[in-house]
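First up is the structure itself, then whatever we jot down about it.
Sequence positions, counted from 1, serve as the residue numbers for this chain. Each ligand, and each atom within it, is numbered from 1 in the order the structure gives.
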Amino acid sequence: MDDTRSYDIAWLPGDGVGPEVTREALRVLEAVGSAHGFSVTATEYRIGGAALDETGAPFPASTRDACLESDAVLLGAVGGLQWADTTGDRRPESGLLALREALGVYANLRPVRVPEALTDASPLRPGRVGGTDLLFVRELTGGIYFGTPEGRTDDGARSTMEYSNDEIERIAHVAFQRARRRDREVTSVDKANVLEVSGLWREVVTKVHDEYPDVTLRHLYVDNAAMQVVRDPRQFDVVLTSNLFGDILSDLAAALPGSLGLLPSASVGGTVGLFEPVHGSAPDIAGQGAANPTAAILSAALLLDEFGETAAADAIRHGIDAALETGHRTADLAPDREEPASTAVFGRAVARHAADYTPQNAPTP
Ligand code: NAD
Ligand code: IPM
Ligand code: MN
């Protein structure tokens, strides 16, 4: 095997639980790297509130340059109560938007699965959620997050939801192409019964679909889609949607497996890929070693998928399942346990199981 593969990762721990969970992701990356013949070098840079405190800006030019020169960016989360009074481009969250824009990562992929071992952690009945396997394809660098004008007016404020044909077209292609690797079903979610911008969304997605006759397409209004995700999540394969709707629906879907601490994301389509948990800085549990690192660890698996290190990525996913199956639970998944696993204990269990896993000793399905 080629043992010269090495990857440079820009590590942006950020705020709150961000450093805690990404540290475990790096631990697991290192463990599977040794087992699969590659090395990962992570260099730390500031973003969000941590960057604001240190440099006066939530996305310093030095961080931007380092990210653009890296092979991939692994991010924790940004924001927190201590920066709640910041406004405009001093908000920690605006640093994250600036990072996504600088990398040009317009396609945010958010897979949602309900691991067998966790059907009992779901607030829904196991029979309803077991086997859920869907992929949100969320547009990430347009829509109301980036539309102009935005700001205060004389007697109010406004934000603008805006999409160009090209922006809709390119994200629609991503959804149909991803669907081809899955169950070939795309559900496009919009609010075309009310919003002009959603009318265009539906029109363009329908046109792009002509190029993918082997994939089925249906359209749902976002309010109905939210209800359907809870009522019968197994009906979905790929869910294609805009920036704001995708943000809301993916947090909603995190309730299916039972915790926001489980959902990873990959943001692609630009110069360098960005990998981050769906969750935020979780100020309510930060600094306690209580956060679930699964979302960050699975984001690292998506990072390896992008590098073509799929065996190592699969080993990580197996490591998560094995840690859960052997009874490891962080507090979010075991509210009644007196001594839940800490972030580090859970991370170490995953690293161990992931490093031990090779396709040779994989259970036959
Ligand atoms: P949040 O995602 O930080 O937390 C929501 C709830 O989920 C909390 O109860 C939290 O304890 C729980 N949770 C989140 N991650 C968890 C984990 N890994 N393990 C266990 N439980 C976890 O959302 P919020 O409280 O609305 O926002 C807090 C801050 O994070 C805000 O400043 C917000 O802007 C920011 N935020 C950042 C990102 C990001 O950086 N990508 C994403 C969302 C929110
Ligand atoms: C997310 C977050 C971000 C978003 C915020 C912090 C800018 O909620 O990654 O889901 O809305 O995209
Ligand atoms: Mn969000």
Side-chain angles (χ1 to χ4, degrees), residues 12-25 46-52 58-59 73-87 89-101 105-110 112 118 121 123 136 138-146 159 241-255 257-267 274-299 320 329-335 340-344 346-347 350:
L12 278 46
D15 308 317
V17 298
E20 302 170 44
V21 295
T22 48
R23 208 173 289 131
E24 299 313 314
R46 297 270 173 265
I47 193 167
L52 187 68
F59 185 49
V73 180
L74 178 71
L75 179 125
V78 299
L81 300 174
Q82 55 277 54
W83 304 286
D85 294 338
T86 55
T87 54
D89 59 12
R90 284 176 56 81
R91 280 175 303 121
E93 290 81 357
S94 81
L96 176 56
L97 298 186
L99 167 67
R100 292 170 177 171
E101 192 176 31
V105 285
Y106 63 85
N108 181 220
L109 310 173
R110 298 186 158 186
V112 182
L118 284 186
F136 286 100
R138 170 193 177 195
E139 200 290 327
L140 198 65
T141 54
I144 198 166
Y145 280 59
F146 291 90
S159 297
T241 194
S242 57
N243 205 340
L244 181 62
F245 298 162
D247 177 49
I248 298 166
L249 290 177
S250 53
D251 264 39
L252 175 72
S259 172
L260 200 44
L262 296 167
L263 296 203
S265 87
S267 302
L274 167 64
F275 302 84
E276 52 170 325
V278 166
H279 65 73
S281 59
D284 51 339
I285 55 167
Q288 302 171 15
N292 188 338
T294 301
I297 294 170
L298 289 175
S299 300
I320 295 281
R329 293 282 186 287
T330 42
D332 52 322
L333 296 174
S342 69
T343 309
F346 192 87
V350 175

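Ligand-side atoms of ligand 2 in range of R110: 1 (C), 9 (O), 10 (O), range being under 4.0 angstrom from any heavy atom. Residue contact check: E93 has heavy atoms under 4.0 Å from atoms 6 (C) of ligand 2.
The protein heavy atom nearest to atom 7 (C) of ligand 2 is L97 CD2, 3.9 Å.
Listed by chain and number, A77, V78, G79, G80, E93, L96, L260, G261, E276, V278, H279, G280, S281, A282, P283, D284, I285, A291, N292, D332 each place a non-hydrogen atom less than 4.0 angstrom from ligand 1.
With no hydrogens or angles considered, no side-chain donor-acceptor pair links R91 and T86 at under 3.5 Å. In this structure, a donor-acceptor pair under 3.5 Å is present between the side chains of D332 and S259.
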List the steps and the verdict of side chain to side chain contact (heavy atoms under 4.5 Å, CB included) for F59 and D89. CA-CA 9 Å; F59 185 49; D89 59 12; over 6 Å; no
Worked check of side chain to side chain contact (heavy atoms under 4.5 Å, CB included) between R46 and L52: CA-CA 9 Å; R46 297 270 173 265; L52 187 68; over 6 Å; no
Check step by step if side chain to side chain contact (heavy atoms under 4.5 Å, CB included) holds for E24 and T343. CA-CA 8 Å; E24 299 313 314; T343 309; 3.8 Å; yes
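Here D247 meets the criterion, with an N, O or S atom under 2.8 Å of the Mn ion (ligand 3).
Between the side chain of N108 and the backbone N or O of E139, no donor-acceptor pair lies under 3.5 Å.
We find the CG-OG distance between L81 and S281 to be 8.0 Å, quoted to the nearest 0.5 Å.
Between R100 and E276 there is a salt bridge, since a side-chain N of the basic residue sits under 4.0 Å from a carboxylate O of the acidic one.
Cation-pi check for R138 over Y145 is met; the charged atom lies under 6.0 angstrom from the ring centroid and within 45 degrees of its normal.
The proximity of R91 to ligand 2, defined as any non-hydrogen pair under 4.0 Å, does not occur for either the backbone or the side chain. Residue contacts with ligand 2, taken as heavy atom pairs separated by less than 4.0 Å, involve R100 solely via side-chain atoms from C-beta onward.
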